[in-house]
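Since the structure comes first, as structure tokens, the remarks are kept for the end.
Computed from a prediction, not measured in an experiment: that's the story for all the values here.
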Amino acid sequence: MVTPHISAAPGDFAPGVLMPGDPRRARRIAETILQDARLVTDVRGIEGYTGTYRGVPLSVLASGMGMPSVTIYATELFRFYGVRSIARVGTAGGIPASVGLRDVVVATAAHTDSAMGSRRIDGVHLSHAASFRLAAAAAQAAGTGRHIHVGPVFTTDHFYLERPALFEQLEAHGTLAVEMEAAGLYATAAAEGGHALAVLTVSDHVRRAEALTPAERETDFDRAVTIAATALLAETIS
């Protein structure tokens, strides 16, 4: 089975897949989290690896940026490679003051201003929700504390558009962070009969002039990766 975007053979992917946006993060996860990882695809520089995590098969595949890109890769994994669960591990911008740099957000739902969701069922605004079992397992793995947050995020197609009034309204409705992929992943999982979750590291803040450096973004998401991998492990062996 070869798709336009994935060159892996049948059986190359494990039932659970970690999905960062950046191919370098995928490689780093394979090198630091997985045991006996092997490269299974690298079409267009989007690298995918399969190995084991705590003795259980687990894969990692980069998704690129934005809802269109993550939707393509998630659809092909669910539909053609037998993947059951995908956990996005990436970065997000904190919205309320209580969410700080390097905090972890377990995204139980994803609001969006993208038109992609409205194309799936005419006249219906879909609810973009994470898999309950994955979210519950991630929350348990994360534990408690002021650096862990569980709740909705906002998925947008715009990276540079400044909308302070929008973020004020989102905060008033309990939204924790802004990012660019979760709603697309959740909608794809619902359409394909799969399970999905986003576990995000806060890399910047939309209200404060704070941001991690590019190098810090590469290395400071290990806790989120461990939480997501533990959740996928629980889903796989359940």
Side-chain angles (χ1 to χ4, degrees), residues 5-8 12-14 16-54 57-74 76-77 81 83 85-94 101-107 110 130 134 138 141-142 147-148 153 155 159 177-186 188-189 196-204 211-233:
H5 309 95
I6 300 174
S7 60
D12 272 349
F13 281 101
V17 176
L18 291 167
M19 185 169 277
D22 188 343
R24 289 182 299 178
R25 289 181 185 157
R27 187 184 309 126
R28 186 173 185 278
I29 290 170
E31 293 172 347
T32 61
I33 298 296
L34 301 183
Q35 290 78 50
D36 301 318
R38 61 187 179 90
L39 182 70
V40 296
T41 181
D42 62 355
V43 177
R44 303 187 183 195
I46 298 295
E47 298 181 351
Y49 299 84
T50 294
T52 61
Y53 179 73
R54 299 180 186 174
L58 183 67
S59 297
V60 55
L61 176 72
S63 71
M65 291 190 294
M67 288 178 60
S69 187
V70 74
T71 296
I72 288 171
Y73 288 105
E76 293 183 2
L77 288 175
Y81 286 98
V83 170
S85 304
I86 298 175
R88 161 166 155 67
V89 284
T91 56
L101 293 186
R102 297 182 176 85
D103 286 5
V104 172
V105 175
V106 177
L134 281 177
H147 298 298
I148 302 293
V153 299
T155 301
F159 187 83
V178 56
E179 54 86 71
M180 300 183 71
E181 289 84 24
L185 176 60
Y186 292 177
T188 302
L197 177 66
V199 183
L200 308 166
T201 300
V202 177
S203 60
D204 58 274
L212 301 180
T213 67
E216 289 171 333
R217 286 172 182 250
E218 291 300 315
T219 58
D220 286 351
F221 70 112
D222 290 351
R223 181 170 47 158
V225 172
T226 300
I227 291 168
T230 302
L232 287 173
L233 180 66

Looking only at heavy atoms, what is the nearest atom pair of G51 and L34, with distance? N-CD1, 3.9 Å
Does R38 have any side chain to side chain donor-acceptor pair (under 3.5 Å) partners at least two apart in sequence or in another chain, and if so, which? D12
Got a second to check how far D42's CG is from Y49's OH, nearest 0.5 Å? 8.0 Å
With sequence neighbours excluded, residues passing side chain to side chain contact (heavy atoms under 4.5 Å, CB included) with A92: A177, E179, L200
For the side-chain contact (heavy atoms from CB on, under 4.5 Å) test, which of L232, I86, T50, L77 pairs with S59? T50
Expected output: side-chain E181 to main-chain G66 donor-acceptor under 3.5 Å: yes
Output all residues satisfying side chain to side chain contact (heavy atoms under 4.5 Å, CB included) with H5, sequence neighbours left out; order by chain, then residue number. T3, R44, I72, Y73, E76
Heavy-atom distance under 4.5 Å between the side chains of R54 and T230, does that happen here? yes
If you measure from CD1 on I46 to CG on D22, what distance do you get to the nearest 0.5 Å? 8.5 Å
To the nearest 0.5 Å, what is the distance between CG (D222) and CD1 (I33)? 6.0 Å
Report the residues that fulfil ring-ring contact (aromatic ring centres under 6.0 Å, His included) with Y53, sequence neighbours left out, ordered by chain and then residue number. none
Is a side-chain N or O of S69 found less than 3.5 angstrom from the main chain of S63, in a donor-acceptor match? yes
Please evaluate residues V40 and F13 with respect to the criterion side chain to side chain contact (heavy atoms under 4.5 Å, CB included), reporting the C-alpha separation (whole Å), side-chain torsions for both, the decisive distance (0.1 Å), and the verdict. CA-CA 8 Å; V40 296; F13 281 101; 4.0 Å; yes
In terms of heavy-atom contacts, T201 and A224 come closest through OG1-CB, 3.4 Å
Given side chains that start at C-beta, do those of L58 and L233 come closer than 4.5 Å, heavy atoms only? no
L39/E47 under side chain to side chain contact (heavy atoms under 4.5 Å, CB included): CA gap, chis, key distance, verdict: CA-CA 7 Å; L39 182 70; E47 298 181 351; 4.1 Å; yes
Interatomic distance, T226 atom OG1 to L18 atom CG [nearest 0.5 angstrom]: 9.5 Å
Pairing residues for R102 by the side chain to side chain contact (heavy atoms under 4.5 Å, CB included) criterion, not counting sequence neighbours: L212, E216, D220
What's the spacing between L197 CG and Y186 OH if we round to 0.5 Å? 4.5 Å
M180 to T155 - nearest heavy-atom pair and separation: C-CG2, 3.4 Å
Could you check whether any side-chain heavy atom of Y81 comes within less than 4.5 Å of a side-chain heavy atom of V17, counting everything from C-beta outward? no
Using side chain to side chain contact (heavy atoms under 4.5 Å, CB included) as the criterion, list what pairs up with A189, not counting sequence neighbours. F78, A196
Nearest heavy-atom pair of A182 and A198: which atoms, and what distance? CB-CB, 4.0 Å
D204 versus A211, closest heavy-atom pair with distance: CB-CB, 3.8 Å
Less than 4.5 Å apart, any side-chain heavy atom of I148 and any of R223? yes
Per side-chain contact (heavy atoms from CB on, under 4.5 Å), M19 is matched among V83, I29, V70 by V70
